[in-house]
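Quick notes on the structure that follows.
Since we're looking at a predicted model, the values are computed, not measured.
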Amino acid sequence: NMDKTKFIEELSNKTGISIDKCEEINKIFESTFLIDKNNKEKILNAIKEKFNFSDEMLNKIYDTAMNIIGNVLLKIEVRL
């Protein structure tokens, strides 16, 4: 499992969003099963409800988070 702190720091660095807000965003990602395509909308709505970011920022957050998660999964596969 990915180190939560690293994920939060990387998300913050790549989006310019504060660590505090990224911790909340991380909780939303953790509480939603990522593989289901319909959950992108659930995640974005939950983040928007909490922080009222623009749609552009919401997409940046989601894409960045999925990229971070994807890179970690690739590293795990390479080790296997």
Side-chain angles (χ1 to χ4, degrees):
N1 201 357
M2 178 175 200
D3 184 288
K4 221 184 279 196
T5 309
K6 282 184 191 167
F7 175 82
I8 291 164
E9 285 173 359
E10 204 168 328
L11 187 62
S12 178
N13 289 338
K14 290 183 175 178
T15 59
I17 297 168
S18 72
I19 293 286
D20 287 352
K21 286 182 181 174
C22 285
E23 285 173 352
E24 293 298 314
I25 291 166
N26 179 61
K27 286 178 192 166
I28 293 167
F29 272 92
E30 283 185 335
S31 68
T32 310
F33 188 60
L34 292 174
I35 313 271
D36 185 344
K37 290 282 177 224
N38 298 329
N39 285 345
K40 176 178 181 177
E41 205 173 304
K42 274 188 213 165
I43 290 168
L44 294 182
N45 286 338
I47 295 170
K48 187 170 190 164
E49 216 173 274
K50 193 159 193 96
F51 298 113
N52 201 25
F53 288 126
S54 69
D55 288 347
E56 190 180 340
M57 180 53 92
L58 289 169
N59 283 313
K60 182 177 184 176
I61 292 165
Y62 186 85
D63 293 344
T64 302
M66 295 309 284
N67 203 294
I68 295 167
I69 293 164
N71 287 340
V72 168
L73 293 177
L74 283 174
K75 286 176 190 162
I76 292 167
E77 282 178 24
V78 168
R79 270 189 248 143
L80 297 175

Measure the shortest side-chain to side-chain distance between [X] and [Y] over non-hydrogen atoms and say whether it is less than 4.5 angstrom.
| X | Y | result |
| --- | --- | --- |
| Phe29 | Ile47 | yes |
| Glu30 | Lys4 | yes |
| Asp55 | Lys48 | yes |
| Ile61 | Phe51 | no |
| Leu11 | Ile17 | no |

* Write out all pairs satisfying side-chain hydrogen bond (donor to acceptor under 3.5 Å, both in side chains) with one or both partners inside residues 11-22, taking only residues at least two apart or from two chains. =>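 Matches after skipping sequence neighbours: Glu10-Lys14.
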* State which residue, out of Asn26, Ile19, Ile25, fulfils the side-chain contact (heavy atoms from CB on, under 4.5 Å) condition with Glu23. =>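 The passing option is Ile19.
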* To do: Grab the two heavy atoms, one from Thr5 and one from Asp3, that are nearest each other, plus how far apart they are.
  =>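 Looks like N-OD1, 2.9 Å.
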* Out of curiosity, Thr32 OG1 to Ile43 CD1, how far, rounded to the nearest 0.5 Å? ->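 It is 4.5 Å, given to the nearest 0.5 Å.
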* In Å and rounded to the nearest 0.5 Å, what is the CD to CD1 distance from Glu9 to Ile68? ->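 One finds 10.5 Å between CD of Glu9 and CD1 of Ile68.
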* **Set of residues satisfying salt bridge (Lys or Arg N to Asp or Glu O under 4.0 Å) with respect to Glu24, sequence neighbours excluded** =>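 If we apply the salt bridge (Lys or Arg N to Asp or Glu O under 4.0 Å) test to Glu24, skipping adjacent residues, the hits are Lys27, Lys50.
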* Who pairs with Asn59 by side chain to side chain donor-acceptor pair (under 3.5 Å), at least two apart in sequence or on another chain? ->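 By the side chain to side chain donor-acceptor pair (under 3.5 Å) rule, Asn59 matches no residue at all.
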* Asked: Which pairs pass salt bridge (charged side-chain N to carboxylate O under 4.0 Å, His left out) with one or both residues in residues 56-70, sequence neighbours excluded?
  ->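 Checked against salt bridge (charged side-chain N to carboxylate O under 4.0 Å, His left out) - neighbours excluded - no pair reaches residues 56-70.
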